[in-house]
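Below is one structure; the comments refer to it alone.
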Amino acid sequence: MSTSAPSDRRSPARRVPRTDVVLAADALVEPQHRLGRALVKEVVTGVQQRVRTGEVAPEDVVTEVLAALPATAASLRPVLNATGVILHTNLGRAPLSAAAVEALAAAAGTTDVELDLATGARGRRGRDATAALAAAVPDAGGVHVVNNGAAALVLAATALAAGREVVVSRGEMVEIGDGFRLPDLLVSTGARLREVGTTNRTAPRDYADALGPETGMVLKVHPSNFVVRGFTADVDVAGLSAVVDEAAGRLGRRVPVVVDTGSGLLAPHPLLPDEPDAATALRAGADLVTSSGDKLLGGPQAGLLLGRAELVDQLRRHPLARALRVDKLVLAALEATLRGPVVPVRAALEAPLEQVRARAEAVAEALASAGHDAVVVASDAAVGGGGAPELPLPSAAVSLPARAAAALRAGAPPVVARTEAGRCLLDLRSLAPEDDAQLVGAALRALATTRSAAPAGA
Ligand SMILES: *Cc1c(COP(=O)(O)O)cnc(C)c1O
């Protein structure tokens with residue numbers, strides 16, 4: 001009688017290790033984070049097929065999968081944002097809501113983006129996203145969506161002021177970040193800047209004196225990433241509206257007031273009293289409001305144009321609009337963002353401190369019980385993304401030795417923490433609660449590498 005193992009006599013199909021068992025192998029945890037579960041699963045399926053044909057032994061499946069995996073993923077890797085900065089520009093600003101991700105994936109194939117299914121005729125591109133935006137800002141007579149906030153400004157300046165003047169306060173000539181200077185952007189459209197006032201003080205008279213036949217638009221920019229304190233004055237939207245109204249008789253037209261709010265707040269938010277919003281600006285007399293889609297709105301990268309119907313129409317029909325238009329993925333994600341439920345950015349901003357602290361305590365306990373130096377500390381989180389620069393958001397963080405930071409970044413998935421006062425802080429406010437378990441797993445794996453690297457006896 002043969003002594004060979006019973007498995008050898010089973011049909012090859014019975015000896016193929018199950019997909020979930022293979023995917024749960026320790027060696028495949030990191031590749032799934034790095035390359036995505038779907039890709040690894042596809043490779044597993046291929047190797048299972050080779051087991052069925054007898055080409056690969058069942059016990060070699062994991063090794064074969066590892067050998068067949070690509071060395072590097074597509075360049076964008078998911079990371080866990082434990083910086084405490086809710087809108088982190090280097091981490092892609094707003095994380096999309098689950099609803100937006102679903103909508104985006106659904107739109108990735110062929111869609112009715114420019115087709116009216118009822119009639120079979122060509123439909124208005126992005127009508128549903130625009131309808132959702134119009135519904136969210138009833139004060140806007142017209143709305144249009146372009147590629148980003150900068151594109152919204154370029155379109156406005158080109159259509160309204162190319163070859164003419166943009167009147168803007170010297171206190172609002174801002175650099176947003178990464179060398180992006182708003183004045184340079186405006187000048188690139190062929191508009192000329194007519195600077196008024198001073199860095200710290202600008203009065204209605206300064207604007208009024210500058211208005212003339214050459215004026216294309218008056219621009220008010222929210223200096224979103226800094227504040228000027230002390231002997232200061234600026235003119236609010238209502239004040240600017242009064243100035244252009246007064247000049248209308250003399251000029252024979254009302255010069256449009258364009259307000260770049262930056263953040264994308266559509267209505268006032270009680271936690272962000274100094275952050276301008278579109279509805280308030282329009283009610284105060286702005287003719288056009290521009291903003292980003294991926295800051296406080298919490299949606300995809302996009303530029304929103306909201307304002308007087310005929311003005312928005314003029315921009316939409318401008319030849320440049322075609323070069324700045326958004327694709328079907330952005331339209332789908334934006335619509336889902338606007339229709340709700342609450343987006344992650346808002347949830348992070350509004351999470352009660354006790355809740356954030358309880359999560360930090362649970363994470364710290366998991367790490368400490370594995371023998372790591374992990375304690376909960378109070379922390380100041382921030383809105384980030386060039387918004388609410390002075391506003392600290394009370395938060396809680398897990399404090400780790402400083403050397404943890406590099407290991408965490410090299411982990412799977414990478415965790416981006418904040419280094420403060422010689423400690424590495426994992427601030428829970430910028431992380432979605434459903435990612436806490438992933439954070440613990442990633443931190444445990446990363447910290448294990450720092451421990452083995454520590455000198456013996458340390
Ligand atoms: C962020 C910002 C912009 C640029 O918007 P993007 O979407 O990054 O192009 C313009 N103006 C202000 C005031 C901003 O805060």
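All values reported here derive from a predicted model rather than from experimental measurement. Whatever order the structure lists them in is the order used to number ligands and atoms, beginning at 1.
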Requested in this report: Provide the number and element of each atom of ligand 1 under 4.0 Å from a heavy atom of His222.
Outcome: 13 (C)

Query raised in the report: Does Thr261 reach the side chain of Thr290, with side-chain heavy atoms less than 4.5 Å apart?
Result: no

Query raised in the report: Lys220: heavy atom below 4.0 Å from ligand 1, yes or no?
Result: no

Query - More than 12 heavy atoms from other groups under 6.0 Å of CZ on Arg124 - result: no

**Report entry** Any N or O of Gly149 closer than 3.5 Å to N or O of ligand 1
**Finding:** yes

Query raised in the report: Just wondering, more than 12 heavy atoms not from Glu214 lying within 6.0 Å of its CD?
Result: yes

Query raised in the report: Does Asp260, backbone or side chain, put an N or O under 3.5 Å from an N or O of ligand 1?
Result: yes

Requested in this report: Using atom types as modelled and distance alone, determine if a side-chain donor or acceptor of Arg429 lies under 3.5 Å from a backbone N or O of Ala351.
Outcome: yes

Query raised in the report: Does any N/O atom on Asp294 come nearer than 3.5 Å to any N/O atom on ligand 1?
Result: no

**Report entry** Where ligand 1 meets Asn148 - atom numbers and elements under 4.0 angstrom, heavy-atom basis
**Finding:** 7 (O), 9 (O)

Query raised in the report: Are any side-chain N or O atoms of Thr215 and backbone N or O atoms of Met217, one a donor and one an acceptor, separated by less than 3.5 Å?
Result: no

Report summary line: So for Glu172 against ligand 1, with non-hydrogen atoms under 4.0 Å, the contacting part is neither

**Report entry** Distance-only donor-acceptor check, side chains Thr158 and Thr189, under 3.5 Å
**Finding:** no

Report task. Provide the number and element of each atom of ligand 1 under 4.0 Å from a heavy atom of Ser292. Result -> 1 (C), 5 (O), 6 (P), 7 (O)

Query raised in the report: Between Gln301 and ligand 1, which part of the residue brings a heavy atom under 4.0 Å of the ligand: side chain, backbone, both or neither?
Result: neither

Query raised in the report: Hey, is the main chain of Asn81 close enough, under 3.5 Å, to the side chain of Ser430 for a donor-acceptor pair?
Result: yes

Query raised in the report: What are the atoms of ligand 1, with element, lying closer than 4.0 Å to any heavy atom of Ala150?
Result: 4 (C), 5 (O), 6 (P), 9 (O)

Query raised in the report: Within the side chain of Arg418, is there an N or O that forms a donor-acceptor pair under 3.5 Å with the backbone of Thr83?
Result: yes

Report task. Give the atoms of ligand 1, by number and element, whose distance to some non-hydrogen atom of Gly262 is under 4.0 Å. Result -> 12 (C), 13 (C), 14 (C), 15 (O)

